[in-house]
Visitor: 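Got a structure for you, written out below as C-alpha cells; questions coming shortly.
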Amino acid sequence: MPINDSQVWIITEVVRKDTAAVVCEICGDKSYGRHYGVWACDGCSCFFKRSVRKNIIYTCIAGNWRCVVDKSRRNWCPACRLAKCTKLNMNRLAVQNERGPRKLRCLPMPRINHLNSLKYDMTFSKSVILTRQCILLNFMTSEQRMEVIEENCQFVFALLILLSGDETTLRKFSLFEKNKNIPERVQSDDEQLRLLVCILLSQSKSSLLKFAAPLANFYKFCLFHYCYQNDSVASASVLISAATWLHENDSWDLSSLLRSSPEHLITEVMSSADKL
C-alpha cells in the first residue's frame, strides 16, 4: 500500500521526536543536532548566528550578567544568552565562514512620484519593526503587541527623524506651534537605538506599558554604562535629553508625510513579520 504525503510527514516527525534525546546546552529545549560545535536548539543556534553576523553588542538587562537562560526565559536577556553561548565555546568562525542568507526576491514596485513620501513610509515601517522588537513586548499577546505599536511607533518614528538630522520634517509634522527647541542632531549605534526605544516605551502613557515605568531609569543607566564602556558618556546625556524632548512634544501629525496610512503600514509590517 503506497504511503501518501501526510503519512510521510507523520513518520518523519515521529523519527525526529524519537531521536531527540539531547537537550539544548544553552536553554534546555529540545536539540536535534549540533550547531556551531554544541548541542543547541534551532532558536539558540539562529540567535547565535544572527548575533555574530550582525556583530551585536548587548547589555545585560539586570546589570550583573547572571540572568537565568532557560526555555521560558531565553528571550529575556540577549546579553546573558550570548554570554552563555560564548562560555560553551560556540564557534564564531563557523558562522563567519558559512554561506550568508539568501538574497530576498525583488518584487516589482509601482512607479511612485512622491519619493519623499516613500522615504517616510520606509522610515515609519522601520519604526514599527523597532517597536515590535523591543523586549518589553516579548510577553504580550499579538493583540496587545499591535495596540502598543499603534500607540507608540510615532515616537520611534520621530526618534529616527531626529537621528537623521531632518529638523525641517520634525517641525512639519509636530502639532506644537511654538516648537522651537528641537534638540541638535544626535547619532546612535544599534545598541544605543535599542536602549532608546526601551526608554521611550517605558515612559509611554499606554496602559499596557504601565508595568515598565519603573524600568525607565534602569534603561537610562544601561545607556550610560554602554556609552561609558565606549568612551562616549557625553552622548548618553544628549540621547536621553532627546528621548525626553520627544515625550514632552507628544503630538505628531503623520498624515502630511506618509504616502500610506499609519494603520495600513503597521498591518503590512506586522503581517510580513509573522510570516518570517
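By convention here, the first residue in the shown sequence is residue 1. The analysis underlying the following values was restricted to heavy atoms, covering all of them including side chains, and did not include hydrogens, waters or symmetry mates.
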Visitor: Taking all non-hydrogen atoms of both residues, which atom of A243 and which atom of Q203 are closest, and how far apart?
Guide: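 Scanning both residues completely, I find the closest heavy atoms to be O-OE1, 4.4 Å.
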
Visitor: Considering residues at least two apart in sequence or located in another chain, which fulfil the ring pair (Phe, Tyr, Trp, His ring centres under 6.0 Å) criterion with F139?
Guide: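 Per chain and number, F139 pairs via ring pair (Phe, Tyr, Trp, His ring centres under 6.0 Å) with W76.
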
Visitor: Hey, could you give me the OG1/CZ distance between T86 and R92, rounded to the nearest 0.5 Å?
Guide: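 If we round to the nearest 0.5 Å, T86:OG1 and R92:CZ are 4.5 Å apart.
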
Visitor: If hydrophobic clusters are built from ILVMFWY residues whose side chains come within less than 4.5 Å, do M140 and L130 share one?
Guide: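 Yes; L130 is reachable from M140 via cluster members.
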
Visitor: Evaluate side chain to side chain contact (heavy atoms under 4.5 Å, CB included) for L193 paired with L163, printing each intermediate quantity in order.
Guide: CA-CA 9 Å; L193 179 57; L163 292 174; 3.8 Å; yes

Visitor: Would you say L223 and Y219 make side-chain contact, with heavy atoms under 4.5 Å?
Guide: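 Side-chain contact under 4.5 Å: no.
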
Visitor: Rounded to the nearest 0.5 Å, how far does CD of E150 lie from OG1 of T267?
Guide: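 T267 atom OG1 to E150 atom CD measures 7.0 Å (nearest 0.5 Å).
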
Visitor: Write down the atom of L208, the atom of Q144, and the distance for their closest heavy-atom approach.
Guide: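 Looking at all heavy atoms of both residues, the shortest contact is CD1-O, 3.6 Å.
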
Visitor: So, for C77 and C60, which heavy atoms are closest and what is the spacing to 0.1 Å?
Guide: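 Looks like SG-CA, 3.8 Å.
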
Visitor: State, yes or no, whether a side-chain contact exists between R81 and N75 at a heavy-atom distance under 4.5 Å.
Guide: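 Counting from C-beta outward, R81 and N75 do come under 4.5 Å.
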
Visitor: Treating Ile, Leu, Val, Met, Phe, Trp and Tyr as nodes and any side-chain heavy-atom pair under 4.5 angstrom as an edge, say whether V68 and L88 lie in one connected cluster.
Guide: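 Each belongs to a different hydrophobic cluster.
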
Visitor: Just by distance, do the side chain of S31 and the backbone of A40 share a donor-acceptor pair under 3.5 Å?
Guide: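 Yes.
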
Visitor: Considering all heavy atoms of both residues, which atom of I161 and which atom of S164 are nearest to each other, and what is their separation?
Guide: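 Scanning both residues, the minimum pair turns out to be O-OG, 2.6 Å.
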
Visitor: Looking at residues at least two apart in the chain, or sitting in another chain, which of them share a ring pair (Phe, Tyr, Trp, His ring centres under 6.0 Å) with F48?
Guide: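 Residues passing ring pair (Phe, Tyr, Trp, His ring centres under 6.0 Å) with F48: Y36.
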
Visitor: Quick test of your reading: applying salt bridge (Lys or Arg N to Asp or Glu O under 4.0 Å), list the pairs with at least one residue in residues 192-204, sequence neighbours left out, ordered by first then second residue.
Guide: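 Listed by first then second residue: E191-R194.
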
Visitor: CD1 of I199 to OG of S204: how many Å apart, nearest 0.5 Å?
Guide: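 The CD1 atom of I199 sits 14.0 Å away from the OG atom of S204.
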
Visitor: For Y58, give me all partners under side chain to side chain contact (heavy atoms under 4.5 Å, CB included), at least two apart in sequence or on another chain.
Guide: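 With neighbours one apart ignored, the set is F47, S51, I56, P78, A79, L82.
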
Visitor: With a 4.5 Å limit on heavy-atom distance, are the side chains of C198 and L215 in contact?
Guide: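 No, too far: nothing below the 4.5 Å cut-off.
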
Visitor: Linking I/L/V/M/F/W/Y whenever their side-chain heavy atoms sit closer than 4.5 Å, directly or via other members, would F211 and L201 fall into one cluster?
Guide: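 Yes, F211 and L201 fall within the same hydrophobic cluster.
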
Visitor: Shortest non-hydrogen contact from V23 to G28?
Guide: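 Heavy atoms of V23 and G28 come nearest at CB-O, 3.9 Å.
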
Visitor: Any link between L196 and Y228 through a network of hydrophobic side chains (Ile, Leu, Val, Met, Phe, Trp, Tyr) touching at under 4.5 Å?
Guide: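 Yes; tracing contacts between hydrophobic side chains, which count when under 4.5 Å, links both residues.
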
Visitor: Are N230 and D189 side-chain neighbours, meaning at least one heavy-atom pair lies under 4.5 Å?
Guide: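 No, every pair of side-chain atoms sits at 4.5 Å or beyond.
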
Visitor: Can you find a pair of side-chain heavy atoms, one from D190 and one from I57, that are under 4.5 Å apart?
Guide: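 No. Closest side-chain heavy atoms not under 4.5 Å.
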
Visitor: Mind checking side-chain hydrogen bond (donor to acceptor under 3.5 Å, both in side chains) for S206 and listing every partner two or more places apart, or none if nothing turns up?
Guide: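 Partners of S206 by the side-chain hydrogen bond (donor to acceptor under 3.5 Å, both in side chains) criterion, ordered by chain and then number, come out as E151.
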
Visitor: Going by the salt bridge (Lys or Arg N to Asp or Glu O under 4.0 Å) test, which pairs reach into residues 55-74, not counting sequence neighbours?
Guide: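 Applying salt bridge (Lys or Arg N to Asp or Glu O under 4.0 Å) to every pair that reaches into residues 55-74, excluding sequence neighbours, yields D29-K71, D29-R74, D70-R73.
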
Visitor: Let me confirm one number: the CZ-OG distance from F224 to S232, rounded to the nearest 0.5 Å.
Guide: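 One gets 10.5 Å once the value is rounded to the nearest 0.5 Å.
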
Visitor: What's the spacing between I129 CD1 and C153 SG if we round to 0.5 Å?
Guide: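 Going from CD1 on I129 over to SG on C153, the span is 11.5 Å.
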
Visitor: F221, V238: one ILVMFWY side-chain cluster at the under-4.5 Å cut-off?
Guide: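 No; V238 is not reachable from F221 via cluster members.
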
Visitor: Check the pair L160 / F124 against side chain to side chain contact (heavy atoms under 4.5 Å, CB included), numbers first and verdict last.
Guide: CA-CA 9 Å; L160 294 176; F124 185 82; over 6 Å; no

Visitor: Within a strict 4.5 Å, meaning less than it, do heavy atoms of the V269 and I149 side chains meet?
Guide: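 Answer no - side chains too far apart.
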
Visitor: Is it the case that the side chain of N152 and the backbone of T131 share a donor-acceptor pair, with hydrogens and angles ignored and the cut-off at 3.5 Å?
Guide: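 Between the backbone of T131 and the side chain of N152 there is no qualifying donor-acceptor contact (under 3.5 Å).
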
Visitor: Would you check if the side chain of K84 reaches a backbone N or O of I26 as a donor-acceptor pair within less than 3.5 Å?
Guide: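 Yes, the answer is positive, given that a donor and an acceptor are paired below the 3.5 Å cut-off.
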
Visitor: For K210 versus P214, what's the shortest heavy-atom pair and its separation?
Guide: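 K210 and P214 have their closest heavy atoms at O-CD, 4.1 Å.
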
Visitor: In Å, rounded to the nearest 0.5 Å, how long is the span from CZ of R34 to CD of E25?
Guide: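 It comes to 6.5 Å.
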
Visitor: Under a 4.5 Å cut-off applied to non-hydrogen side-chain atoms, are M122 and K126 in contact?
Guide: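 M122 vs K126: side chains apart.
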
